[in-house]
Amino acid sequence: MSNSIKVIHEGQQLEIAAGSTGFELFTSKTIVASRVNGELKDLAHKFADGDVVEGVEISSQDGLNILRHSTAHVLAQAVQSINPEAKLGIGPPVTDGFYYDFDVVEPFTPEDLRALEKAMDRIIRGGQRFVRRVTTDADAIVELANEPYKLELIGLKSGNQDVGEGAAEVGAGELTIYDNIDPATGDTKWRDLCRGPHLPNTRMIGAGFALTRVAAAYWRGNEKNKQLQRIYGTAWPTKDELRAYQERVEEAAKRDHRRLGAELDLFSFPEEIGSGLAVFHPKGGIIRRVMEDYSRQRHEEDGYEFVYSPHITKSNLFETSGHLAWYADGMFPPLQLDEERDENGVVRKQGADYYLKPMNCPFHILIFKSQGRSYRDLPLRMFEFGTVYRYEKSGVLHGLTRARGFTQDDAHLFVTPETMEAELTNVLNFVLDLLRDYGLDDFYLELSTKEEGNPKFVGDDAIWQSATATLEKVATQSGLELVPDPGGAAFYGPKISVQARDAIGRTWQMSTIQLDFNLPERFDLEYTAADGSRQRPVMIHRALFGSIERFFGVLTEHYAGHFPPWLAPLQVVGIPVADAFSEYLHGIVSQLREAGVRVTVDDSDDRMQKKIRNHTKDRVPFQLIAGGEDEAAGAVSFRYRDGRQENGVPVAEAIERILTAIRNKEQV
RNA sequence: GCCGACUUGGCGCAAUUGGUAGCGCACCGCACUUGUAAUGCGGGGGUUAGGGGUUCGAGUCCCCUAGUCGGCUCCA
């Protein structure tokens with residue numbers, strides 16, 4: 001009987017005393033937990049013979065989650081210390097922080113947050129230990145009799161039901177409670193149903209936390225359930241890291257397209273028009289028009305045909321497509337034309353409901369059906385900047401990225417099963433190539449597939465399989481990371497979506513390429529095959545920008561308003577050092593204007609420094625400054641948005657440099 | 001849609017416990033004519049999102065509507 005055990009740590013076998021824990025093994029103060037045979041455990045967990053163990057650094061992803069989850073517990077303790085009637089929901093870590101849900105009579109206010117932060121600070125300074133205790137369902141039900149939501153979680157666990165994403169309270173295996181023990185007295189100050197692990201004590205949370213906002217959230221994420229009050233917070237190993245995080249948040253706020261849209265005079269959402277309906281101002285209009293023009297040009301080169309369709313249609317179209325049955329809530333209510341009858345009660349004019357279109361596909365389908373189609377006509381690629389209207393719920397509207405009226409760069413490709421793979425490959429490459437031209441170049445793909453056994457998915461299994469396999473093949477060939485999204489397919493077919501990371505690392509879903517077996521069936525689409533038989537085409541729905549407005553918003557944030565010269569509303573501004581040099585600058589500027597550059601000379605009464613400031617704030621890519629020295633040398637001086645300057649550039653070279661940057665879609 | 005907060009001249013903000021709206025930028029005018037992020041002086045502009053109520057009196061309190069923001073749910 002040995003009183004020592006052997007464990008493997010960092011590839012080395014160590015002999016340690018039986019009953020040893022992470023406290024003995026890991027000396028670094030930045031280690032907050034143990035990983036034992038791949039599983040996270042408290043530092044207080046006792047190792048067993050043969051365990052493979054390692055320390056979890058607080059700054060690792062697992063370490064941060066543990067820190068944040070422990071901070072959530074401290075928050076909950078603080079809430080109940082101030083309001084003992086508050087009932088606990090769940091409190092998991094999330095990206096950059098944590099939240100905890102509470103059922104309270106009065107919602108929290110921002111002032112409450114400050115008071116709670118102080119109370120948390122006291123708990124943290126108290127150095128309470130987090131102590132794990134195994135319990136049973138029966139005991140826990142008694143102990144947590146005053147916590148109805150915890151009881152529900154215990155019930156779900158016993159019933160082996162999924163608790164829902166993010167719940168850290170109960171997991172597979174033992175039911176555990178964490179006690180917060182006062183180190184001085186040994187008293188239990190607070191407890192929570194939790195599977196852990198936790199920091200060894202609250203002191204490790206330190207000063208790197210902050211409560212950020214309050215919000216309501218449905219219990220267990222279900223709209224039918226009661227709303228609880230959620231408090232969000234953030235937590236970091238050090239106060240410096242907290243500050244850095246807060247600065248990142250501020251940086252993101254500065255890039256917010258809604259803010260830049262107003263500052264740069266690009267677009268607005270006049271209240272008089274209605275929620276989620278934007279108008280583009282002249283400057284935003286230039287950017288949008290250039291975006292669209294280039295897209296048109298590329299589509300034309302790639303064999304797309306341009307079509308147009310009206311904004312409203314009689315209801316039958318969306319009855320056939322199935323949208324009225326499935327998604328009527330997402331559509332604006334109809335314009336109703338009343339039936340007219342003559343004096344004999346005979347219908348003189350039939351009534352009709354006209355709907356604003358929430359999508360363009362049925363129109364393109366009607367164009368397909370306008371004549372008999374041969375396999376020789378396929379693939380048929382129809383493209384339209386189609387403006388659609390969707391009655392988004394008021395709470396989800398968000399600037400240009402979630403609006404009620406927006407324009408899709410929508411294409412529908414009608415293909416034969418034989419050409420499907422080649423066409424998909426082509427479309428994906430086309431999409432990625434074009435996105436790169438707009439300055440996005442960091443992508444991954446998501447493959448959304450059918451959920452087996454779910455009856456909502458229509459269409460033949462064999463087609464699903466071959467289509468999914470084809471999409472997967474095409475996606476894999478792109479060489480990009482491919483993330484599976486099982487069950488995420490639309491009911492009518494699988495899809496690939498292109499996710500793009502922007503300049504500050506956020507990801508946006510951009511393009512989608514969807515296969516559709518449903519609409520060809522519903523609209524009874526056919527073409528004549530080479531052998532004379534009637535065949536059903538497959539439809540590919542493809543939006544590249546998704547919505548132009550949304551893409552515009554994403555690009556605005558990606559560039560933080562510093563659009564590359566080819567997109568910038570004003571590409572060049574001339575700034576004379578003094579009025580005397582205005583004429584000289586006009587001479588240069590007129591050459592640029594003749595070459596199609598958007599350019600002006602600032603002849604206002606402002607001083608040069610003020611003009612530089614104004615145009616820098618306006619994000620004009622090229623400021624051309626000229627004074628006596630430049631004029632004497634036949635040169636001009638460049639100043640860029642970031643303050644860089646290059647003086648004495650010969651005029652011809654300056655013009656060429658500007659034209660080259662625009663032509664090549666360079667960023668400056 | 002749900003919960004909460006918010007809504008003051010074009011923009012950003014002020015207005016002690018309710019006592020009849022101020023500032024900066026922008027705008028207009030005048031003067032100044034200057035080498036790399038704000039020249040000076042003067043002027044115009046709001047009845048405080050809209051509507052209703054309490055009060056001697058409301059930007060400040062209450063109610064309704066609209067809109068915005070943060071979340072939740074949703075996103076064909």
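Just so we're on the same page: letters track the sequence lines, and every chain starts at 1. This is a predicted model, so every value here is computed, not measured.
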Are the side chain of [X] and the backbone N or O of [Y] linked by a donor-acceptor pair below 3.5 Å?
X	Y	value
A:Arg230	A:Asp101	no
A:Asp409	A:Leu544	yes
A:Gln509	A:Ser497	no

Spacing of [X] atom [atom1] relative to [N] atom [atom2], expressed in whole Å:
X	N	atom1	atom2	answer
A:Arg230	B:G71	CZ	P	11 Å
A:Arg613	B:U36	CZ	P	16 Å
A:Phe517	B:A76	CZ	C1'	16 Å
A:Phe269	B:A49	CZ	C1'	18 Å
A:Met539	B:A76	CE	P	16 Å
A:Glu629	B:G35	CD	P	10 Å

Which of the following nucleotides, [options], is nearest to the side chain of [X]?
X	options	answer
A:Gln514	B:A76, B:G70, B:G35	B:A76
A:Arg258	B:A76, B:C69, B:C72	B:C69
A:Ile612	B:U36, B:C72, B:G35	B:U36
A:Met359	B:A76, B:A37, B:G71	B:A76

Close N/O contacts between protein and nucleotides 1-9 of chain B (under 3.5 Å):
unit_1: B:G1; atom_1: N7; unit_2: A:Gly395; atom_2: N; d: 3.1
unit_1: B:G1; atom_1: N2; unit_2: A:Tyr218; atom_2: OH; d: 2.6
unit_1: B:C2; atom_1: O2'; unit_2: A:Gln227; atom_2: OE1; d: 2.7
unit_1: B:C2; atom_1: O2'; unit_2: A:Gln227; atom_2: NE2; d: 3.3
unit_1: B:C2; atom_1: O2; unit_2: A:Gln227; atom_2: NE2; d: 2.6
unit_1: B:C3; atom_1: O4'; unit_2: A:Gln227; atom_2: OE1; d: 2.5
unit_1: B:C3; atom_1: O2'; unit_2: A:Gln229; atom_2: NE2; d: 3.0

Nearest-nucleotide wise, let me know which of A:Asp256 and A:Lys495 is further upstream toward the 5' end of RNA chain B.
A:Asp256
By nearest-nucleotide position on RNA chain B, the 5'-leaning member of A:Gly221 and A:Leu397 is A:Leu397
What stems show up for RNA chain B when you take Watson-Crick pairs (N1-N3 plus N6-O4 or O6-N4) and G-U wobbles (N1-O2, O6-N3), both under 3.5 Å, and require three or more consecutive pairs?
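Looking at RNA chain B, the stems formed by three or more consecutive pairs are B:1-7 with B:66-72, B:10-13 with B:22-25, B:27-31 with B:39-43, B:49-53 with B:61-65.
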Distances under 3.5 Å between protein N/O atoms and the N/O atoms of nucleotides 39-42 of chain B, please, pair by pair.
unit_1: B:U39; atom_1: O4'; unit_2: A:Arg607; atom_2: NE; d: 3.0
unit_1: B:U39; atom_1: N1; unit_2: A:Arg607; atom_2: NH1; d: 3.1

Could you measure between the two C1' atoms, the one in B:A37 and the one in B:C64, and give it in whole Å?
48 Å
